[in-house]
Amino acid sequence: MYRTHTCGELNAANINEEVTLCGWIQKIRKLGGMTFIDLRDRYGITQLAFNSEINPDICKQIEPFGREWVIRATGKVTERYSKNKNIPTGDIEILVTNIEVLNPSQVPPFTIEDESDGGDELRLKYRYLDLRRNPLKNNLLFRHKLSIEIRNYMNELGFMEIETPMLINSTPEGARDFVVPSRVNPGEFYALPQSPQTFKQLLMMAGYDRYFQIVKCFRDEDLRADRQPEFTQVDCEMSFVEQEDVLQTFEGLIRHIFKKIKNIDLPKVERITWADAMRYYGSDKPDARFGMKFVELNDVLKHRDFKVFNEAELVVGIVAKGCANYSRKQLDGLTDFVRRPQIGASGLVHITCNQDGTFKSSVDKFYNADDLKAVAEKCGAEAGDLILIMAGQKLKTQKQLCELRLEMGNRLGLRKAGEYKVLWVIDFPLLEWDEETQRYYAMHHPFTAPKPEHEAMLESNPGEVNANAYDLVINGNEIGGGSIRIHDRKLQQRMFKVLGLSEEETERKFSCLLNAFQYGCPPHGGLAFGFDRLCAILSDCDSIRDFIAFPKNNAARDTMCNAPSIISQEQLDELRIELKK
RNA sequence: GGUCCGGUAGUUCAGUUUGGUUAGAAUACAUGCCUGUCACGCAUGGGGUCGCGAGUUCGAGCCUCGUCCGGACCGCCA
């Protein structure tokens, strides 16, 4: 046998056994006559012991050994003189009688330890070394377990995992497509899927009424800590369902995951309409771990001479509990925070609710004590609280106050790690007006069905049409989203028309789906979860990179493999591609 | 496309405010000592194009401009 055990499994029960272990040298400790080597593999660390009196030849042999050498060691399991309570194998060590170098190693560019000394850039370049470290190993193990639990649950409910193609037709309605040139069809291109959307709908038409797939998706957009150009979705679709069926099914999946992975019994997932989410949190993905809900103040603050409020579409505030003692400097700091270009507010009004029942505000010039009292009452603010108010154009102000709310949540320690608040955000608008291109875009995607009662005003009042679309939000992160789909050819054609697509365009991009609608399409709907994000959020991490074995950097590069890269003239010629000078 | 932050030893950083002798620390690495370590200890040593280019200056790691690279964010992400 090449090896008899792994480095994580031996304990006092194995004492006196003759074993052979393989692994990487984590650490060598030389103490004169005694030498200890920590031998590491995926499963743990086992200490190898060498005694120069008992076995001088082997001590001589291991003298040149260094970190990360791969070795095979044979010896007897013995009880340690001094035990290490910190590791499972800490009661024993191997008194080595034979050792073999399987491969030496250069000194690695950073330390392979739980707390590495290497920076992000370097560790990405040597990802295969970084992956040897426990934190990343545990992340990948976590990801593996999560995928197994998802597959188990979906399988139990009769969902079939079916693979869909990676080389498909380009339909850049949403994100930009990654394109792949076709050699066999010169001048033509495939696209990599942004999601298997049309294919899963076609599977519904084919009669596979419960489908899922853990699948790579591709979007050629700029990266973030929680966005990679290639990422993984848990993609699902069901036939003969309405919204409630989908919500129930996948609420079940989420509860199963929390129970199995985190041992948390999740309470019933609360639902909030998109309109309320915007109204109370200024966001369609609210972090509901804490309150601090928005209070609209138009009616109590627009009756005096203060132009900023009077001209604003929305005057809205939040209450920061117990923050009345904020210093001038802290308040200025908050004003600076909302004035940063990323947020872009022009200012921030505060009202301090003093302990003695009086009020102090940054707009005392315009409002008397009764006015401020009315505001405090409306907000439910008490003595000792601080009211923060912003005003301006509705959507913009909501977004800005949302940022401030999250910031205050951070400062007050209200966004606790290990605490999870899961929400369904429902009743999304079907369409979203874009000023720049002067047209409507589908808020979810163009296959989303309008609510039946709103269908009639699709053309007459498109902005007011709501959809049977829903997002799953955990702690302010959009983890999943889906909808009931259009399954009627005429309605789909109307939808494309509202989106401003010409008949020619519709035909070129979506003829396959439209044709299929004519051959017996069942009502259907589904959703997709961001698998990488789910891994990160369940581990209280911000970055999905730590859960992807080989991620891209900020500039969408793989610095380890040096991708993307230029290709040879021969390759270009074969593809009939000429590069612009 | 934009905003902000960073780039100094193998690595992580300090030094830049106020330009001035031989650019420091920790860690890693090497050598020696050490028989119970497990963050081993002690001693010694090697290791630098201060990202790159130009400018200002008697003099630039430090100031100015440009450029490249990395990170966070805005736009973007149906």
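In this text, all values refer to a predicted model and were calculated from it rather than measured experimentally. Naming convention: chains lettered A, B, ... in sequence-line order (proteins, then strands); numbering from 1 in each chain.
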Please classify the nucleic acid contact of A/Ser195 as base, sugar-phosphate, or nothing, using heavy-atom distances under 4.0 Å. base
Does the side chain of A/Ser483 come under 3.5 Å of the side chain of A/Arg485 through a donor N or O and an acceptor N or O? yes
For nucleotides 36-52 of chain B, read 5' to 3', which letter fits each nucleotide if B means a protein heavy atom sits under 4.0 Å from the base, S means only the sugar-phosphate is that close, and - means neither? BBB-B------------
Quick test: give all pairs of protein nitrogen or oxygen and nucleotides 66-70 of chain B nitrogen or oxygen below 3.5 Å, distance rounded to 0.1 Å.
| unit_1 | atom_1 | unit_2 | atom_2 | d |
| --- | --- | --- | --- | --- |
| B/G70 | OP1 | A/Asn553 | ND2 | 3.2 |

B/G41 pairs with which nucleotide, Watson-Crick or G-U wobble, both distances below 3.5 Å? B/C33
Which residue lies toward the 5' end of RNA chain B, A/Ala225 or A/Val107, if each is placed at its nearest nucleotide? A/Val107
Taking the C1' atom of each, how far is B/A14 from B/A23, in whole Å? 11 Å
Does A/Ile54 or A/Gln197 map to a spot on RNA chain B nearer the 5' end, using the closest nucleotide for each? A/Ile54
By ring-ring contact (aromatic ring centres under 6.0 Å, His included), which residues pair with A/His445, not counting sequence neighbours? A/Phe447
Over how many whole Å does the gap from A/Asp226 atom CG to B/A72 atom P extend? 10 Å
Do nucleotides 4-11 of chain B as a string where each nucleotide becomes B, S or -: B if the base has a protein heavy atom under 4.0 Å, S if just the sugar-phosphate does, - if no protein is that close. ------BS
Can you sort out the partners of A/Lys552 under side-chain hydrogen bond (donor to acceptor under 3.5 Å, both in side chains), two or more places apart, ordered by chain and number? A/Glu230
With C1' as the reference atom in both, quote the distance from B/G32 to B/A26 in angstrom, rounded to an integer. 22 Å
What interatomic distance, in whole Å, is found between C1' of B/C73 and the corresponding atom of B/U16? 26 Å
Using atom CD of A/Gln400 as one end and atom P of B/C74 as the other, report the distance to the nearest whole Å. 13 Å
Contact class for A/Glu53 vs. all strands (heavy atom < 4.0 Å): base, sugar-phosphate, or nothing? base
Opposite nucleotide pairing with B/G20, Watson-Crick or G-U, both atom distances under 3.5 Å: B/C58
Would you say A/Asn475 and A/Asp287 are linked by a side-chain donor-acceptor pair, where the criterion is simply a distance under 3.5 Å? no
Rounded distance in Å - CG (A/Leu129) to P (B/A28): 17 Å
With distance as the sole criterion, is a donor-acceptor pair present between the side chains of A/Tyr211 and A/Asp235 under 3.5 Å? yes
Quantified in whole Å, what is the P atom distance between nucleotide B/G51 and nucleotide B/U8? 6 Å
With sequence neighbours excluded, tell me which residues meet ring-ring contact (aromatic ring centres under 6.0 Å, His included) with A/Trp69. A/Phe65
Among the nucleotides B/A28, B/C77, B/A72, whichever has the atom closest to the side chain of A/Arg67 is B/A28
Spacing of the P atoms in B/U27 and B/G53 (rounded, Å): 33 Å
Which atom of A/Arg439 lies closest to which atom of A/Leu501, heavy atoms considered: NH2-CD1, 4.3 Å
Under a 3.5 Å cutoff, is there a donor and acceptor pairing between the side chains of A/Asp434 and A/Thr437? yes
Take atom P in B/C65 and the same atom in B/U18, then report the distance between them in whole Å. 16 Å
Let me know the distance between CD of A/Glu115 and P of B/A28, rounded to the nearest Å. 14 Å
Euclidean distance for P, B/G45 against B/C40 (whole angstrom): 23 Å
Using whole Å, report how far CZ of A/Arg176 lies from P of B/C77. 8 Å
Does a donor on one side chain sit under 3.5 Å from an acceptor on the other, for A/Asn468 and A/Lys451? yes
Regarding A/Ser170 and A/Asp177, do their side chains bring together a donor and an acceptor under 3.5 Å, going by distance alone? yes
Pair A/Glu17, A/Asn14: side-chain N/O donor-acceptor within cut-off below 3.5 Å: yes
Which base sits across from B/C4 as a Watson-Crick or G-U pair, both distances under 3.5 Å? B/G71
What I want to check is whether the side chains of A/Glu9 and A/Thr6 have a donor and an acceptor closer together than 3.5 Å. yes
Please measure how far the P atom in B/C4 lies from the corresponding atom in B/C13, and state the result in whole Å. 22 Å
Quick check: any donor-acceptor pair below 3.5 Å linking the side-chain of A/Arg224 to the base of B/G75? yes
Can you check the A/Asp434 CG to B/G75 P distance for me, whole Å? 13 Å
Atom pair distance, as rounded to whole Å: CD in A/Glu436 and P in B/C76: 8 Å
To the nearest Å, how far apart are A/Asp222 CG and B/A72 P? 12 Å
Heavy-atom donor-acceptor pair, A/Arg494 side chain to A/Glu455 backbone, under 3.5 Å: yes
Give a yes or no on whether a salt bridge exists between A/Arg411 and A/Glu407, defined as a side-chain N under 4.0 angstrom from a carboxylate O. yes
Watson-Crick or G-U counterpart of B/C76, or none if no pair lies under 3.5 Å: none
Check whether the side chain of A/Arg227 and the base of B/C76 form a donor-acceptor pair under 3.5 Å. yes
